[in-house]
Amino acid sequence: MVHMKWLILTVGISLLAACSDEQTETVNEKETAPVEEQAEETPAETENANEEESGQAEEAEQEEIEKEEVESEAEPEPQYRLNPATWGVEPIADAPAEAVLLTIDDAPDKHAVDMAVTLKELNVPAIFFVNGHFLDSEAEKENLKKIHEMGFLIGNHTQTHPNLTTISEDQQKQEILTVNETVEQVIGEKPKFFRAPHGANTDFSRALVQQEGMMLMNWSYGYDWEKQYMDPAALTDIMVNTEFLHNGSNLLMHDREWTAAALPGIVDGLKAKGYTFVDPHEIELQP
């Protein structure tokens, strides 16, 4: 009987030890399972993190490229400023003093595109001052776009070319703002310069031009509206040899057949006298 009790006790202890080992193994499995799962998830998380970092790097690189493109498209540093007392241009710092500015009014009537092509071939910059009544049709607007795409600056010369001193302030406002709106629609930017027909400004037009962020501009000399100079040879001679030609002169010409024909000779004559040509993009805009 005693022997039987010891046998039963021995078997019981063995069973308890086995259960204890099984429970310990289960606990260990439960404790180590999250670690194994975490180890299995680590490569995926690392890959995601790398992808995110790569995406951020590409985004930063793209932003830097776009910033450089914007900076490259920015307006060049001003090299000249306009003198409102003489309407000529004066060099800033080390810009060449022996330089003149070419401007062409009443564009784009019939010859402005050809004149722009001529100047482009000669590598000479200019401002084309436009009238709104030459921008009524799609073909006329396309002409303006062509001039702008050749790199020439577009100025405002009013809608219908009136003498501003003879019309009301409301009419002056309409004459100026209508051209700004049309030009912006066609080329994507407003004119930076304004020239009043006949050079006749009013206090109202001056204030409006400043409010619109434009610069008022007249001229130093011009001749192509006078009968004796409606001839290419005569016009070339006077534009190059006039007493009013000097450093910084602001030359006025128009969209006219004889002026278009005289343009190459005028440019060559000015170059022969040692003049270079002011890029209007490099004229300082007054606030």
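Note that the structure is predicted; figures quoted are calculated from it, not measured. Both backbone and side-chain heavy atoms feed into the values below; hydrogens, waters and symmetry mates do not.
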Item to check | Between CD1 on residue Ile154 and CD1 on residue Ile127, distance to nearest 0.5 Å | outcome: 9.5 Å
Checklist entry - If you round to the nearest 0.5 Å, how far is CG of Asn250 from CG of Leu82? => result 7.0 Å
Acceptor/donor pairs from residues 139-153 side chains to any protein atom, 3.5 angstrom cut, sequence neighbours excluded:
from, atom 1, to, atom 2, distance (Å)
Glu140, OE1, Asp136, N, 2.8
Glu140, OE1, Ser137, N, 3.0
Glu140, OE1, Ser137, OG, 3.4

Next on the checklist: Between His198 and His161, is the ring centroid distance below 6.0 Å?
Outcome noted: yes
Next on the checklist: Under a plain distance cut-off of 3.5 Å, with no hydrogens placed, do Asn131 and Gln159 share a side-chain donor-acceptor pair?
Outcome noted: no
Checklist entry - Got a salt bridge between Arg206 and Asp203, using NZ or NE/NH1/NH2 to carboxylate O under 4.0 Å? => result yes
Item to check | Under-4.0 Å salt bridge between Asp255 and Lys110 | outcome: no
Next on the checklist: Assess the residue pair Asn83 and Glu90 against the criterion (side-chain hydrogen bond (donor to acceptor under 3.5 Å, both in side chains)); give the C-alpha distance rounded to whole Å, side-chain angles, the decisive distance to 0.1 Å, and a yes or no.
Outcome noted: CA-CA 7 Å; Asn83 184 338; Glu90 299 175 345; 2.7 Å; yes
Checklist entry - Would you say Trp219 and Leu251 make side-chain contact, with heavy atoms under 4.5 Å? => result no
Checklist entry - Can you name the residues that form a ring pair (Phe, Tyr, Trp, His ring centres under 6.0 Å) with Tyr229, not counting sequence neighbours? => result Tyr223
Item to check | Greater than 12 external heavy atoms within 6.0 Å of Lys273's NZ | outcome: yes
Checklist entry - Which residues satisfy the side chain to side chain donor-acceptor pair (under 3.5 Å) test with Asn163, sequence neighbours excluded? => result Thr165
Item to check | Criterion side-chain hydrogen bond (donor to acceptor under 3.5 Å, both in side chains) on Glu181 and Thr178, from CA distance to verdict | outcome: CA-CA 5 Å; Glu181 292 168 1; Thr178 300; 5.1 Å; no
